[in-house]
Amino acid sequence: MPWPKRRWIHCPDMLPPGSTIGIMGGGQLGRMLAVAAAQLGYRCHVFAPEAAPPATDVCAAVTRAEFSDTAALDALTCAVDVVTFEWENVPTAAIRHVAARVPVWPAVHSLEVAQDRMAEKQFVEWLGGRTAPWAPVSSREELDQAIDRIGFPAILKTRRFGYDGKGQARLHGPADADAAWDAIGQQPAIFEGMVEFAHEYSVLLCRGQDGQMVDWPVPVNVHAGGILASSSLPAPALVRGQAAEAVALTRRIADKLGHVGVLTAEYFACKDGLRFNEMAPRVHNSGHWTIEGSATSQFENHIRAVAGLPLRPTDLVLPRVEMQNLIGDQADDWQRLFAEPGAHVHLYGKGDSRPGRKMGHVTRLSR
Ligand code: AMP
């Protein structure tokens, strides 16, 4: 088929192949975004403070600088056509600085809400979503008040900069309060009642610049020590029964934020219905299976959204999919994994396999 030149004339907002996409953050998510972008003919320029983050292996250009380095941010904006991010803790000041010069997708508002557990919970409750019972805590006295209101067992979570179970302390009784408050560094936090859930699952969707949305089939997620261990499909019946409601809520969240790109929302499947846990305004570990398991990966659709292209379908390729994270020394088993027929192995090029470090993942599909 000839190259559809006329389409460019009718869709002037599509980013032409050969353009450069800036990615704030250089972890494995940036690495997989850059691979998807390259497939569509785009170049990626990673901006990250680390010396050699995983995305640098597959990017056309890298700026190593702090997010507070405005001269480096200015230079980035001269080198790229559009910017996205792969880490939700990129300071909003850096995003605002860049967005004054080039388009940034998702826009800063998505980041602002997702960076603060309190803002996130209030926003989702305002949209009709149910969360675990929670209360804000900004002092040791407020922790006691929250305990009186909500009781035990509970988790104290920092409002900001928590991920993979970090910035959290569990409380089983009043005797744990002092230690929990110290463990989270006496920072502004939320006190959250533990909910009894049967499963955890996530909704991944992608919203385009025109408001068009696609969502992926919903995987069930298993965590170990606060870190995602696996995501698989089909999800159990309880999750499948709640999926439509969870997808509808996540779509409302994306619409109200005016989000552009992939948005992930994590849910608890409780016997009495679903509860929203948290969201990430970005591609997500629980969506890595989409690379081989879906007609279009989360990474490709995110790049499509950022580039103003139409989004593609998300149907399952085969009915059963399992993504297993390779954490710490699990990746040392690479010889056996590479030799396993049907195992789609992804290694992130990280040198040391420290405990709890995400080194790669493997996806298996079956009928
Ligand atoms: P988070 O960083 O908030 O996703 O928490 C990490 C993990 O801790 C979650 O994936 C759950 O397994 C568990 N968790 C967090 N909050 C709660 C809660 N309110 N009730 C029960 N388990 C929770």
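Atoms within each ligand, like the ligands themselves, are counted from 1 in listed order.
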So, [X] side chain and [Y] main chain: donor-acceptor pair closer than 3.5 Å or not?
X: T296; Y: P313; value: yes
X: N325; Y: I327; value: no
X: S138; Y: P188; value: no

**Request:** Fit a plane to each ring of H361 and H288, take the angle between them on a 0 to 90° scale, and name the class: parallel (under 30°), tilted (30 to 60°) or perpendicular (over 60°).
**Result:** tilted
**Message:** Listing request: all ring-ring contact (aromatic ring centres under 6.0 Å, His included) pairs with a residue in residues 236-264, at least two apart in sequence or in separate chains.
**Reply:** none
Heavy-atom gap [X] to ligand 1 smaller than 4.0 Å:
X: R117; result: yes
X: A154; result: no
X: W134; result: no
X: R275; result: no

Which ligand 1 atoms does [X] reach within 4.0 Å, using its non-hydrogen atoms?
X: H223; value: 10 (O)
X: A132; value: 19 (N)
X: I155; value: 14 (N), 15 (C), 16 (N), 17 (C), 23 (C)

**Prompt:** Taking NZ, NE, NH1 and NH2 as the nitrogens, is one of them in R64 or E50 under 4.0 Å from a carboxylate oxygen of the other?
**Reply:**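 Here R64 does not pair with E50 in a salt bridge, since their nearest N and O are not under 4.0 Å apart.
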**Request:** Please indicate whether any nitrogen or oxygen in E192 is less than 3.5 Å from any nitrogen or oxygen in ligand 1.
**Result:**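 Between E192 and ligand 1 (N or O atoms, distance only) the closest approach is under 3.5 Å.
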**Prompt:** Does an N or O anywhere in G226 fall below 3.5 Å from an N or O of ligand 1?
**Reply:**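 Min N/O separation from ligand 1 is not below 3.5 Å for G226.
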**Fill in**
Heavy-atom proximity to atom 8 (O) of ligand 1, picking from K157, E200, E278, R170, points to R170
**Asked** For ligand 1, which part of N277 has a heavy atom less than 4.0 Å away: the side chain, the backbone, both, or neither?
**Response**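 It is the side chain that gets close, since no backbone atom is under 4.0 Å.
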**Asked** Does L171 reach the side chain of I155, with side-chain heavy atoms less than 4.5 Å apart?
**Response** no
**Asked** In Å and rounded to the nearest 0.5 Å, what is the CZ to CD distance from R117 to Q122?
**Response**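 Answer rounded to 0.5 Å: 14.0 Å.
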